[in-house]
Each structure stands twice: as structure tokens, then as C-alpha cells.
Amino acid sequence: MRSNKIKILFIINPKSGVMDKTKLVDQILEYLDTSKYEPEFQWTKYSGHGFKLARQAAMNHIPVVVSVGGDGSVHNVASGLVGYSSALGIIPIGSGNGLARHLQIATNVQQAVITLNQMKIRSIDIGKINNKFFFNVAGFGFDGKIAKLFAKTNKRGIMKYAQLVMREFVKTKPDNFTIQFENGQTLTEQALMISMANASEFGNGFSISPMSNMHDGCLELVVTKKPGLFAFPGILQKAIKQQVHRSRYIKTYRFRRINIISGNHEFHADGEPISVKYPATIEVIPKALKVIAGENYV
């Protein structure tokens, strides 16, 4: 007799975050609605393995594929689902969990699994830079540098990330960026970093683009000037209060497609350091991915 249950694959990154994962599968099964779902679990074994597992699952028409990990894990799993009908679920156990927070998914395993049970599916826009995808926030410059350094460290967690930010902020110099918009307008700015935002925050409640909407067919270009050392805490405070767009060090532009002609080569997509060559074309792909969002997500 054929089961009417929905197949759901959990792709777990054992290196994400700092939590003990020895009982993680048991935790998930304790709260998962097994009258609805037929679960399977796979653990990633190397960088990029999440993409391969997700792509195979999508090709096998598994309806729900869940990333259990941090922002990088979500990036890899989601990239494997683009172009297929499988929905992305998230159990956020990483350091930042930016996309999960934007989607109103709790960073608590129990509540995140309950969100999966509720199965509130939304179609979201995604970003594309040359031939690579991003789902939350991507960027050149300072945040790309931090992503590269964070990927190399064996320590995870918010404290290690904060240490890197403070240490590198002091010695990082701004770069000149040249950006061409779809209407032909060219923008040249000296900036600490430029970010392309599909969602609102980097993670840990630090907002970079509070007005971003994942359903409007647009992305936000956020140009961040380097503030003085004493102004830096004020920007962080605005970021936590979802008011960073009001800072005099921040300029925000909405776009559907831009070309980055020149600038710093250190780049990240959803916190994953990625190699990108100039000129780099960044564009939005509307409603390209199905996700299971939190109950209160609008």
C-alpha cells in the first residue's frame, strides 16, 4: 500500500554553529508530525555536499528539503533547489541565521520543526550574480573579507564573528566601486562595502536593509561608507533597531539588474566566500524558490 505521507529530507551540517548535535535527529523526530511527513536524514561530509544532496532530492521530486545548519548551509541547499518544485525548509542552528530570521523561523529546534509542520509555503525572489545564486544578502568589500576569514577559522558563534569584525574594521580601507544601473546611470563610490540585499539582515538581528521585501521583484543595493571608529557603535545600534538605512553612512538603491564594473574582489553570497570576476552582473529572479516560512511571516 502506497503511503500518502510527504517525503521530507533533512540535510544536516555537522559543523554549523556551536550546539551539540548528537541528539539532533531525536529532537527533530520528537516534534515532527510523522502522520504528515516521512522523514529521511543525511549529513554533509564536505563543502558543497549540501548542494549535491539537495539537487539529487529535487531531481527525485522530494517535496520538502530542509537545511539544518547556518547561512552557508542554507545557501548550498537552496542553490540545489532552484529550478525545481521542492520547497526549502530551514532549521537554523548556525551563527547568524539571517534568512531564517527574516522568514520568522525560530532559532529553536522545537519551534523550527513546528514551523515545518505548519507548512506555510511562500515563493520568494532570489538574487543571481553571474552564474551563482544568493538568497539573503551578498556583498563586496568588508563583509566579503569577514566571510572569508570566518570560513577559515575553526571556532564558530557570534563572539568569534564579532571579534573578527572589530579587528578587521580598524585596518580595512575603503575601495572605489563603479556600478552601472539598468537605465545606463553610473555610480562611483568610495565605500567600506557594497551589499546586495534580498532580505533584511546579515544575521543575529543586525539589519543591513530593513525595507527589503522578498516578493517585490527587486533587490536593494546598500552602499556603506566607512565611519570613524567612534561612529561605528552608533551604526551597529541602528542596525539592531532596524534603522540603519537612516544613517548618513548608508545609501540604498532599489534595482532589478546592475553591473559592478570595478571594486574590491572579496565577495560573499549568504556568508559563503565565493570567487567573482568583474564585470559582475547582479539581477533578481522573481519567485524562483519555494520556502516554508514562519507562521507570522507576512
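Note that the structure is a prediction, hence the values are computed from the model and not measured. For the numbers below, each heavy atom of this structure counts, side chains included, while hydrogens, waters and symmetry mates do not.
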How many angstroms lie between atom [atom1] of [X] and atom [atom2] of [Y], to the nearest 0.5 angstrom?
X      : Y      : atom1 : atom2 : value
Gln110 : Ile114 : CD    : CD1   : 4.5 Å
Asn176 : Thr188 : CG    : OG1   : 8.0 Å
Trp43  : Ile11  : CH2   : CD1   : 13.0 Å
Asn198 : Leu219 : CG    : CG    : 5.5 Å
Gln27  : Thr22  : CD    : OG1   : 8.5 Å
Thr178 : Ile260 : OG1   : CD1   : 9.0 Å

Heavy-atom check, side chain of [X] versus side chain of [Y], under 4.5 Å:
X      : Y      : value
Leu32  : Asn117 : yes
Leu99  : Met214 : yes
Leu88  : Val74  : yes
Glu168 : Phe142 : yes
Ile124 : His102 : no
Ile274 : Lys132 : yes
Phe135 : Val291 : no

Legend entry - Qualifying ring pair (Phe, Tyr, Trp, His ring centres under 6.0 Å) pairs with a residue from residues 260-287, counting only residues at least two apart or across chains: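 Only Phe140-Phe267, Phe140-Tyr278, His265-Tyr278 qualify under ring pair (Phe, Tyr, Trp, His ring centres under 6.0 Å).
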Legend entry - Inter- and intrachain pairs under ring pair (Phe, Tyr, Trp, His ring centres under 6.0 Å), touching residues 168-199, at least two apart: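 Pairs touching residues 168-199 that pass the test: Phe169-Phe232, Phe181-Tyr253.
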List the residues meeting side-chain contact (heavy atoms from CB on, under 4.5 Å) with [X], not counting sequence neighbours, and say none if there are none.
X      : result
Phe41  : Phe10, Ile12, Val25, Ile28, Leu29, Pro39
Ser212 : Ala197, Ser209, Glu220
Pro174 : Gln190, Lys226
Ser195 : Val137, Asp143, Met193, Phe202, Ile208, Val222

N/O donor-acceptor pair under 3.5 Å between [X] side chain and [Y] backbone:
X      : Y      : answer
His215 : Ser123 : yes
Asp270 : Glu272 : no
Asn76  : Ser73  : no
Asn259 : Ile261 : no
Tyr37  : Leu116 : yes
Lys120 : Glu295 : yes
Asn130 : Thr281 : yes
Arg101 : Gly96  : yes
Asn97  : Ala100 : no

For [X], which residues count as a salt bridge (charged side-chain N to carboxylate O under 4.0 Å, His left out) partner, sequence neighbours excluded?
X      : result
Arg256 : none
Asp216 : Arg254
Glu40  : none
Glu189 : Lys225, Lys251

Would you tabulate the side-chain donor-acceptor contacts of residues 50-65 under 3.5 Å, counting partners in other chains and residues two or more places apart, or write 'none'?
from	atom 1	to	atom 2	distance (Å)
Arg55	NE	Gly80	O	2.8
Arg55	NH2	Ser79	O	3.4
Asn60	ND2	Gln56	O	3.3

Inset, instruction - For Met119 and Ile8, run side chain to side chain contact (heavy atoms under 4.5 Å, CB included): C-alpha distance rounded to whole Å, both residues' side-chain angles, the deciding distance at 0.1 Å, then the answer. - result: CA-CA 12 Å; Met119 209 172 179; Ile8 182 170; over 6 Å; no
Inset, instruction - Return each pair, listed once, that meets salt bridge (Lys or Arg N to Asp or Glu O under 4.0 Å) where at least one residue sits in residues 278-287; pairs must be two or more places apart or across chains. - result: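 Matches after skipping sequence neighbours: Arg257-Glu283.
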Legend entry - Minimal non-hydrogen separation, Glu201 against Ser207, with atom names: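 Closest approach of Glu201 to Ser207: CB-CA, 3.7 Å.
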Inset, instruction - Locate the shortest heavy-atom distance separating Asn136 from Ser200; write the atom from each residue and the value. - result: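 For Asn136 versus Ser200, the nearest heavy atoms are OD1-N, 4.5 Å.
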Legend entry - Steps toward side chain to side chain contact (heavy atoms under 4.5 Å, CB included) verdict (Tyr249, Leu192): CA-CA 10 Å; Tyr249 296 101; Leu192 179 67; over 6 Å; no
Inset, instruction - Before giving the answer on side chain to side chain contact (heavy atoms under 4.5 Å, CB included), spell out for Phe134 and Ile282 the whole-Å C-alpha distance, their side-chain angles and the decisive distance to 0.1 Å. - result: CA-CA 10 Å; Phe134 65 93; Ile282 298 99; 4.0 Å; yes
